[in-house]
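Chain identifiers are assigned alphabetically (A, B, ...) following the order of the sequence lines, protein sequences preceding nucleic acid strands; residue numbering begins at 1 within each chain. All values below come from the heavy atoms of this structure, side chains included, with hydrogens, waters and symmetry mates left out.
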Amino acid sequence: MDPQPEASTSTGVIKSGDNVLVRSPNGDIRAVKADKDTNISVGRQGSFHANEIIGHPFGFTYEIFSKKELKIIPPKTLNEVEDTDATNELINDGQFVQPLTITEITALKQAGVHADEIIKQQIAAHANYELKTEYSKEKYRKRKEAKYSKSFTTIEPTLFSVCEYWFNKDKNRIRDIRNDTLAQMLNSANIRPGGRYLAVDDASGLVVAGMLSRMGGEGRVITICDTDSPPAYPVMGIMNLSKDEQKIMSSLNWATAEEDYVPVVPPSELSPEEIRSDRHKSRLRKRKHINDALTETREELFSGRFDALIVATDYDPYEVLTTLKPYLSGSANIVVQSPYVSILADLVNKLRGPGFLAPRLIENWHRRYQVLPGRTHPTMNTSGTGGAYMHVMKVYVSFHISKCRAPTACRYDDPDAQAAESRRVHSRKKVKVGEPAQTSVAPETKVVVQVEDPSQTTGAAPEESASTAMDIIVSTDPEVSNTLASASTGIELEEEAEVAQVAMAVDETS
Amino acid sequence: MWSTGPNIADGDVIIVWLTRDLIQPLTVEAGKDFNSRFGNYKHDDFIGTPYGSKVGARSGRGFIHLLRPTPELWTMALPHRTQILYHADISFITSWLNIKKGSKVIEAGTGSGSFSHSVIRSIGSTGHLWSYEFHEARETKAREEFARHGFSDIVTLTHRNVCKDGFTVADTVDALFLDIPAPWDAIEHAKLALRKDCITRICCFSPCIEQVLRTVTALNEHGFTDITMYETLQRPHDVARIPAPKSIAATTEKLKIAEVKREERRLQQIADNENRRQPKPKSPNKRKRADEEDDEGQEDGGKKAKTHKAEDTAELMLNGGEQTNEGSVSVSRVIPEVRGHTSYLTFATLMPIPPVRGPPAAEATPAETPDGGNAQTASGS
């Protein structure tokens, strides 16, 4: 046997204060909170005392005998159903088949007769029950069980079960993100423990919940929201994320995420005379803590080098991308989700320029099957859409025709990269609260162009130009191109345009 | 693990993106060359370059992108030793099996390592993957690959046939994934490997429905519950910008004008014919010819009119197009040929052993459940 590593982080055991998803026999799922010494109501099945399930692993099915008495019932297994010759040939709709009235059934229930007994009596009284096929009989029994059984099953709020719960409950609030789409978004963004990510989540926090649950408290997430208070991520609320798992997330809003903006915050440092009381002092301390955290989060965003960006918002996705792109590192993954393919199609067209590589628009098709012995088929109803998403990678705008013996100044030829670089230098300095945010210093763009024979740059075979040493930066970025134009006295502008065209042509093929 | 630094360093594994259909993994080694139909490069030129850079060929023609490897890029670039799992399935399985930081996972078989890479990424350094491969050469290749990618601490690779010999751990893993031809033969071993103190999950990946049915039966017999099956596929879209659909208003107007013109032309032809007939009564020969001409003339006229009409319409289409072609629209449609089936994903859960506490009534029956799968069938009715 291999040596066993330490236990997993998820204990899978219900603790006091945990959220628990509870499934009724009819398949309905509700979210409840298992607070010690409280009663939990599960609808028609009744209610029970929370202490009865606290300490149990998730997943058991219980039958309610009384408030204080739950009995774990073994999970259902699939039954082979024997094929018989029965058909529905002699069964007609609208026939009077059930002499047992609702009043009688209610009386039985009130008398505390067990669900199985009620069903037995119903079956005994049913006029056509024996005519039914075995399949039909089982279906009948199941339907009655769902109706009378006082049982429920606890479900662990995992990312999957929570997404499914919200998707069935109110898919608008999670922007139609179905489990398959969510999973692909997280994988496409390369979410892993230790990664650093940006997120714009207007899907009730589903996306952020997914990121945090996968990261397990290791790494960093900064979310940008549109409220002046910290965002409410209701989906995150039922995930039972620990404090450690949540603390890696900080939020900014679209104003505080702007580099030039000076956040308007109440002063946190007053002269000793101005402090009126100890309470006032502690309030100021708290305020300072909040202000410092905001400054730090902003600095962290502006110093960039995030590994991925996930966007699920109604705001213009292109604007969101261009705003946040400078803070992403090279080769970063960008995922944008929308309930509408057309919005993403428009975005893909806008991203067909330099700086982005290979935008892909994906819609998913997904269905579940019923797998009962002898009765395996796709479910009759299935979700028609689970949202679409787009994935693209950030790449550096310019390219470097490499002839140089060693990597040179032209490496950092991407304005984004330089903004991040210069920002990094600044961020080392201590920034005081209330001081204007430092704008990124436009870096000098050094362009080295040494071309002896311009024709060689455009299309010569490798052997031909092997002896010529040159460094060329060709950029489709207008600013850099201008600099290049002024620097490249040796090359005629037409020539240069051609180089750019070659670049574009190859770009199109890729 | 793969490099997380901003720049490519000597010895890094990188992904070279040539085109959408040509993506290659590469280990950067100083002094080596990289040659492709998109130009010739020196590894030395890559070293120190930021990840995500576009690098031009030494010849000046063509370029490539140097990307940081991710499991998703790896899936697109990896050397196929077997049929591999793709993004949609991998993502969904990861999600259903609740694979996240710190998860302990088993997979069999390793195959080309497409799923392994994704799982290793998701569980991080605190998790562990036990991977089993019964094909010796594939196992060796995978071992080299994991070592090269720096995964050796996170993954334990074993060469064995799990259907015959089972797994190397017991009561340990949170999730188990079977991508083997006969998963039903490995279910009882799987049950031993899964931990029993909390809910655990299993996924069997089989392309054929007959395999699914046998697997479901085996899962059921061994006490797995919540058995369900999914099919998940991607519908990638082709995106384009096309001229906005034209208005019919301009075309209607043009057609109306054209009709008037045609009528005028017809009347003109009749008038012309009349004129030609009138002043030519002299020679009978000529007259005869004129008659013939007249008949032909009318036919010709008809033809001509048709030709005119065609030209007009063409002209009109052009003009119409120009007039109404204000702006363009973004459109998308599913690409003509998509993957229609990969495999059926059969999932099930294994319930933990119920706690030994609470009212004695709660203990009686369930105590047998986790071991004696058959005991549970009694509850079905």
Side-chain angles (χ1 to χ4, degrees), chain A residues 1-2 4-5 8-9 12 56-59 71-72 74-79 156 158 160 179-180 183-184 187-188 190 192-193 213-216 329-331 341 345-346 348-349 357-358 361-369 371 394-396 399-402 407 411 457 459 462 506 509-510, chain B residues 19-20 40 45 48 50-56 59-63 65 67-68 70 91-92 95-96 98 100-102 104 121 124 128 156 168-169 172 174 198-199 216 220 225 227 229-237 239 241 330 332 351-352 354-355 361-362 365-366 369 376-377 379-380:
Chain A
M1 298 273 154
D2 293 312
Q4 296 192 4
S8 304
T9 46
H56 286 195
F58 283 97
K71 188 180 157 191
I72 298 177
K76 296 250 156 70
T77 48
L78 308 176
N79 294 318
E156 187 178 5
T158 61
F160 191 93
N179 253 317
D180 52 329
Q184 284 178 39
N187 272 20
S188 298
N190 194 24
R192 59 179 181 85
S213 77
R214 287 221 176 162
M215 292 164 72
S329 62
S331 200
V341 169
D346 198 45
V348 166
N349 277 325
L357 179 66
L361 171 47
I362 309 281
E363 196 194 338
N364 287 310
W365 163 240
H366 180 78
R367 68 178 173 185
R368 189 176 180 166
Y369 284 68
V371 277
K394 172 179 167 166
V395 289
Y396 290 119
F399 80 98
H400 171 223
I401 295 180
S402 167
R411 293 303 186 195
T457 59
V506 184
T509 62
S510 64
Chain B
T19 69
R20 267 179 200 265
N40 306 316
D45 298 336
Y51 276 101
S53 286
K54 196 191 226 180
V55 174
S59 62
R61 174 181 263 177
F63 58 76
H65 282 98
L67 304 177
R68 188 190 302 284
T70 66
S91 308
F92 191 73
S95 186
W96 205 99
N98 198 28
K100 54 186 185 179
K101 187 199 162 195
K104 313 272 180 278
R121 177 267 316 273
H128 203 83
T156 305
T168 53
V169 288
T172 299
D174 303 293
C198 63
I199 264 197
V216 168
N220 194 34
T225 53
I227 301 171
M229 197 252 279
Y230 288 93
E231 206 181 358
T232 187
L233 293 163
Q234 286 188 333
R235 288 157 50 85
H237 279 244
V239 176
R241 199 186 282 282
S330 287
S332 80
M351 286 298 147
T365 20
T369 44
Q376 295 169 358
T377 37
S379 69

Closest approach of [X] to [Y] (non-hydrogen atoms, all atoms of both residues):
X        : Y        : result
B:Ser95  : A:Ala183 : CB-CB, 3.7 Å
B:Gly124 : A:Pro193 : CA-CG, 3.9 Å
A:Val371 : B:Ile227 : CG2-O, 3.6 Å

Practice problem: Using the side-chain hydrogen bond (donor to acceptor under 3.5 Å, both in side chains) rule, take A:Gln184 and B:Gln234 through it: C-alpha gap first, then chi angles, then the decisive distance, then the call. | Solution: CA-CA 10 Å; A:Gln184 284 178 39; B:Gln234 286 188 333; 2.7 Å; yes
[X] versus [Y]: any side-chain heavy-atom pair under 4.5 Å?
X        : Y        : answer
A:Tyr369 : B:Glu231 : yes
B:Pro236 : A:Leu361 : no
B:Phe92  : A:Asn179 : yes
A:Val341 : B:His237 : yes

Practice item. Decide whether A:Asn190 and B:Thr70 meet the rule of one side-chain donor and one side-chain acceptor closer than 3.5 Å. Key: no
When rounded to the nearest 0.5 Å, the distance separating OH of B:Tyr230 from CZ of A:Arg367 is 13.5 Å
Exercise. How many angstroms lie between CD in A:Glu363 and CG in B:Leu233, if you round to the nearest 0.5 Å?
Worked result: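 Answer rounded to 0.5 Å: 12.0 Å.
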Stepwise side-chain hydrogen bond (donor to acceptor under 3.5 Å, both in side chains) check, B:Ser330 with A:Asn349
CA-CA 7 Å; B:Ser330 287; A:Asn349 277 325; 2.8 Å; yes
Is it the case that the side chain of A:Ser331 and the backbone of B:Arg68 share a donor-acceptor pair, with hydrogens and angles ignored and the cut-off at 3.5 Å?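 Side chain of A:Ser331 to backbone of B:Arg68: a pair is present.
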* Expected output: side-chain B:Lys100 to main-chain A:Arg214 donor-acceptor under 3.5 Å ->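 No; zero donor-acceptor contacts below 3.5 Å.
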Assert top hit (heavy-atom pairs under 4.5 Å, partner chain B, pool A:Ala345, A:Ser329, A:Ser213) equals A:Ala345
Checklist entry - What do you reckon, are the aromatic ring centroids of A:Tyr396 and B:Tyr51 less than 6.0 Å apart? => result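 Between A:Tyr396 and B:Tyr51, the centre distance exceeds or equals 6.0 Å.
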Discussion item. Pair A:Asp346, B:Arg241 - check side chain to side chain contact (heavy atoms under 4.5 Å, CB included), show working.
Written reply: CA-CA 8 Å; A:Asp346 198 45; B:Arg241 199 186 282 282; 4.2 Å; yes
